[in-house]
Amino acid sequence: MTANVAVETTPEIPLWNDPSHPVSARVDALIGAMTLQEKIAQLYGVWVGASANGGEVAPHQHDMEEAVDLDALLPSGLGQLTRPFGTAPVDPALGALSLLRTQTRITSANRFGIPAVAHEECLAGFAAWGATAYPVPLSWGATFDPDVIRRMAAAIGRDMRAVGVHQGLAPVLDVVRDLRWGRVEETIGEDPYLVGTIGTAYVQGLESAGIVATLKHFVGYSASRAGRNLAPTSVGPRERADVLLPPFEMAIREGGARSVMHAYTDIDGIPSAADEKLLTGLLRDTWGFDGTVVADYFGIAFLKTLHGIAGDFADAAGAALTAGVDIELPTVKTFGAPLADAVAEGRVPESLIDRALRRVLTQKADLGLLDPDWSPVPPAFADADLDDPDALRGTIDLDSPANRELAREIAEKAVVLLANDGTLPLAAPRRIALVGPNAAEGTAVLGCYSFPQHVGVQHPEIPVGIELPSLGESLAAEFPDAEITVARGTGVDDGDLSGIAEAVDTARDADIVVVALGDRAGLFGRGTSGEGCDAESLALPGAQQELLNALLDSGTPVVTVLLAGRPYALGRAVEDSAAIVQSFFPGVGGTRAIAGVLSGRTAPSGRLPVSVPRGPGSQPATYLGARLAQASEVSNIDPTPAFGFGHGLTYTTFAWSGLTVDTEQASTDGEFTASLTVRNTGERSGTEVVQLYLHDPVASVVQPVQRLVGYTRLELAPGESRRVRVTVPADVASFTGRDGRRIVEPGELELRLSASSTDARLTTRVTLAGPVRELDHTRRFHAEFTVE
C-alpha cells in the first residue's frame, strides 16, 4: 500500500512576470491578456496627496479636474500616481508609508498586480516637505560646470528613489528667448549649447539613481510672444531646429533620458500634444527615442478647451494618441471614459492604445515593476517597523548634511560678480547697512518649484521644513564684528515708497550699503517670478529702482545684490554701484554663498547664463542675435546688454596668450585643434571660464553673429598657468540650410576664445574646404577641451 504524500507545487509564473524572458515578449503577453479598460488604465495618472498619518493617499482635487473615485478605477489598474509627496506637507517617512500602502492597494486591486509609477517634480530638488532646496536651473547654467550638476541630480534621484518615487519631471530644456517670461528661472539659459550640456548632465545624474528623467517642454514653450505664459508661439523651422531642439537631442542621445513631456504651445497652428511629425516623426523615427511621452498637466484636454482642434475630449484623446502621447497627466480626464467610448464607436483604433501601452509597460518592466519579487517597500524602509507610524516620523532625512554641502557648492559656483570697483571683497567693515525687500526674507533664495513656494505657501500653519538663513543672518555670521542695521525700504512689488527715507538715513550712517533686491517666486501672478508670473518690462519690480537710486545718492558705497529669477535692468546702478552681485534663486546655501563672496572667503566664479539688459524695454533680445538684431542707426532701441552672456568677474586677473592652431584649413568633415595658455596673474586663487564662440561671416542663411560651441572651467592658483587645447569639429559649424537639411558649408570661420560673449580674448580665422556636407542628429555636438 502506497502512502499519500502531499507534494508542494509552485504555481507557474505568468510570462509577463518572468524576468528570464525578453521584456518585449513579457509585454506582448501582458497586452494580449488585458481588456480594453485595463489597457487604458495604464495610460493615465491620478493626482494624489500622501496621508499625513501614513494612511493611503487621497485624490487631490483641482479646479481643472473632476473628482476621482479610486475605488472605481483601481480594479482596472493605474498607470501613474501624481505627486504623492509634492501635493501637501507630509513628513517624508509617513509619506513613504502612505505611498507603500497605496501601492499595495493598487496591486491588490488589479488582477495583474501591476503597481503605478510615482512621479514628482524635481526642478530644484525633490519637491517634498523637508527636502533640500537646491539652486534653480538658471543657477545651474551660471556654474558652467556640468559635473557638479550631475552630482546634484544623482543626490536628488537617490532621495526620490529611497522613498518609492520612480520618475522626475525635470529638467527644463527650454532655451530662453524672452526674459519677460515668468519661467526664466526654470531654464538653464539663453544658449542651446549651455542648456544642452548642463541639462544632459542633470539627466545623467538622475538616471544614474534609477529615476526616469523627463525632458520638458517639447518644444517651443519658451518662445511665446511677448514672454507670456502659455501664449502663441512664433517660431520658424530654423529657429526650432538650431536653437530649441539641440538640447533635447543631446539629452536623449548622450543623457539617456527615458521620458519627454510635450509643450503646451502650438507652432504654426499645430499644438505639440497633437503634432505627429514632432512626437513620432522626429522624436521616435528620426532620433530613435524609445521611452514614454507624457502630457504636460491637462495638456490633452487643452486640445479642446484652449487650442480648439478637438470637438470633445474623445477627439482630444485620439489626437494625442495619434501624435505619440502615451500617458495623460496629472489625472484621468480624456484617456478615461471618453477614450473608451471613442474606441467602441470606432473613432480611435485600439492599435493606438496598444502602441502607447507597449511603451508604458516596457518602462514598468525596466523599472522592475512587473517582476515577481517586486515589493512596495522602498529602500528607506529596509529595516523599519512599518506597523508603528508614529515611530517612523522623522526617520527619513531628505535634507542631509551632504545634500546641504552640495547645495552650498553649487550656490557658490553660481554667484556672478557683475561689477566691482575694488570695493569687494569687503575689508572688515564696522557698520553695514543692509537694505531692501530681500534683506531679511529667508525664502528669497527659493524658486517657484521649490516645495515651500510651490506648495508650502498654501499651508502657512506648517513650518517651512528646512533651514533658510536670511541674507541678514548670513552677513551677521560672516562679519561678527560689524554692526549691521537692517531696513526694508520697500517691498518686492508693493510700490511702497514710505520706507525709503529711513533706508537712506540708515545708509548714511554706515560704511557700506548692501541692498538686497530681486524677486519673490510664486505661481500664476502670486509672485514676480515663476510660472504665470510674466513681466511687462524688465524694470525692477515695484519701487525697487526708486529705492536703489536713493541709496546711490546717499554718499555711501552701495553693493547691489540680486536674489532673482531673471535678470533686470538696473538703470544707473550699472555705473554707480560699487559692486553688483547677481544670484539666481540659489537655494538653501544661497545667502551664505553670497556672504562668502562679499567677505572674500570665497572667490566669485559664476558666469551669466543670460544677458543682463541695459534698458527695461528691449525684449525680446538675446546674444544669439543676427546682425540685424544688433544696435543700429536706423532704430532708436538699443538691445546691447549691460552685461553679456558668459560675463563674470573674479578677485584675480588672468592673462591669455600663445594661441596656436594646428592647421588653418580642414575639410567639411574634419576638425581644427587650437591651443592657448591661461595664467593667473593675480594674488589669489580664482576660476576662469574659457568660452569658445564660433563666428560664421558668410553663410547661405542668416546666422547669429556668434554662438557658443564649447567651454571649460579652470581653477588656478596665483602664478599658475595651464595649457588648454580645444578640438573643434566641423560639425559644430553646422546649421539648417534653406531646404531644411542640416549642413556644413565650406568657407571661412572665426574662432573666438573669450571670457564672455562681449569679451573675446584671442581669435583666429580658419577655413573649411570641400563640398557642402549633410549631417543628422548623430553629429558631434562638442568642441572638446583638454587641460594640460
Side-chain angles (χ1 to χ4, degrees), residues 43-45 47 64 79-83 86 117-124 127 137 153 160 165-175 183 186-188 195-196 199-200 202-203 206-207 211-224 229-230 233 240 244-245 247-252 255-267 270-276 278-280 282-284 287 289-303 306-307 316 319-321 323-331 333-335 356 359-360 363 448-449 454 531:
L43 306 186
Y44 55 71
W47 199 335
M64 295 180 67
Q80 294 218 3
L81 287 165
T82 293
R83 298 177 67 179
V117 166
H119 77 256
E120 291 287 353
E121 298 284 0
C122 55
L123 192 67
M160 296 171 73
V165 176
H166 307 100
Q167 182 167 357
L169 303 188
V172 169
L173 297 183
D174 294 294
V175 178
R183 303 188 78 165
E186 299 179 41
T187 73
I188 296 168
V195 173
T200 295
Y202 182 93
V203 169
L206 203 64
E207 290 280 357
I211 296 294
V212 175
T214 306
L215 311 181
K216 56 187 193 180
H217 306 88
F218 194 63
V219 63
Y221 189 29
S222 60
S224 59
N229 190 51
L230 222 171
T233 299
R240 191 184 85 149
L244 303 180
L245 286 175
F248 292 92
E249 291 182 82
M250 194 181 296
I252 289 171
R258 288 182 284 173
S259 189
V260 170
M261 176 181 281
H262 75 71
Y264 283 134
T265 46
D266 72 90
I267 295 179
I270 309 298
S272 295
D275 192 342
E276 187 174 8
L278 176 70
L279 299 182
T280 297
L282 178 66
L283 180 63
R284 295 192 184 278
W287 291 357
F289 176 72
D290 60 2
T292 55
V293 174
V294 302
D296 202 345
Y297 285 11
F298 309 107
I300 300 175
F302 287 167
L303 296 178
L306 294 184
H307 294 296
L321 277 171
V325 179
D326 303 313
I327 303 167
E328 181 177 25
L329 297 179
T331 194
K333 193 174 187 75
T334 71
F335 274 18
R359 297 163 183 159
V360 168
Q363 197 157 89
C448 171
Y449 268 77
H454 201 77
E531 185 173 359

Without swapping roles, check the side chain of [X] against the backbone of [Y] for a donor-acceptor pair under 3.5 Å.
X: Asp296; Y: Ala263; value: no
X: Ser272; Y: Thr265; value: yes
X: Tyr264; Y: Tyr297; value: yes
X: Arg83; Y: Glu120; value: no
X: His166; Y: Ala118; value: yes
X: Ser222; Y: Asp174; value: no
X: Gln363; Y: Arg258; value: yes
X: Glu328; Y: Thr334; value: yes
X: Ser259; Y: Thr292; value: yes

[X] [atom1] to [Y] [atom2] distance, which is reported to the nearest 0.5 Å:
X: Gln167; Y: Ile211; atom1: CD; atom2: CD1; answer: 9.0 Å
X: Leu321; Y: Leu279; atom1: CG; atom2: CG; answer: 11.5 Å
X: Leu245; Y: Met250; atom1: CG; atom2: CE; answer: 12.0 Å
X: Glu249; Y: Leu173; atom1: CD; atom2: CG; answer: 11.5 Å
X: Thr187; Y: His217; atom1: OG1; atom2: NE2; answer: 11.0 Å
X: His119; Y: Ile327; atom1: NE2; atom2: CD1; answer: 9.5 Å

- Is any NZ, NE, NH1 or NH2 atom of the basic residue among Glu121 and Lys216 found under 4.0 Å from an Asp or Glu carboxylate oxygen of the other?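 A salt bridge is present here (some side-chain N lies under 4.0 Å from a carboxylate O).
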- Run the numbers on Arg240 and Leu278 for side-chain contact (heavy atoms from CB on, under 4.5 Å), then give the verdict. CA-CA 11 Å; Arg240 191 184 85 149; Leu278 176 70; 3.6 Å; yes
Is any side-chain heavy atom of [Y] closer than 4.5 Å to one of [X]?
X: Leu230; Y: Leu306; answer: yes
X: Asn229; Y: Arg183; answer: yes
X: Val203; Y: Pro171; answer: yes

Considering all heavy atoms, the nearest [X]-[Y] contact:
X: Ile267; Y: Gly220; answer: CD1-CA, 4.4 Å
X: Cys122; Y: Met160; answer: CB-SD, 3.8 Å
X: Ala273; Y: Ala323; answer: O-CB, 3.6 Å
X: Ala153; Y: Tyr202; answer: CB-O, 3.1 Å
X: Thr233; Y: Asp266; answer: CB-O, 3.4 Å
X: Val293; Y: Gly324; answer: CB-O, 3.4 Å

- Between Phe302 and Phe298, what is the ring plane arrangement, given parallel below 30°, perpendicular above 60°, and tilted in between?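 Geometry flag for Phe298 against Phe302: tilted rings.
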- Do Phe248 and Trp287 have their ring centres less than 6.0 Å from each other?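 No: the rings miss the under 6.0 Å criterion.
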- Task: Identify, with sequence neighbours excluded, every residue that meets ring pair (Phe, Tyr, Trp, His ring centres under 6.0 Å) alongside Tyr44.
- Result: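 By the ring pair (Phe, Tyr, Trp, His ring centres under 6.0 Å) rule, Tyr44 matches no residue at all.
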- Query: Mind checking what makes ring pair (Phe, Tyr, Trp, His ring centres under 6.0 Å) contact with Tyr449, not counting sequence neighbours?
  - Reply: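 Partners of Tyr449 by the ring pair (Phe, Tyr, Trp, His ring centres under 6.0 Å) criterion, ordered by chain and then number, come out as His454.
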- Stepwise side-chain contact (heavy atoms from CB on, under 4.5 Å) check, Leu283 with Ile252: CA-CA 9 Å; Leu283 180 63; Ile252 289 171; 3.5 Å; yes
- Verify side-chain contact (heavy atoms from CB on, under 4.5 Å) between Thr82 and Thr331, making sure each step is shown before the conclusion. CA-CA 7 Å; Thr82 293; Thr331 194; 5.9 Å; no
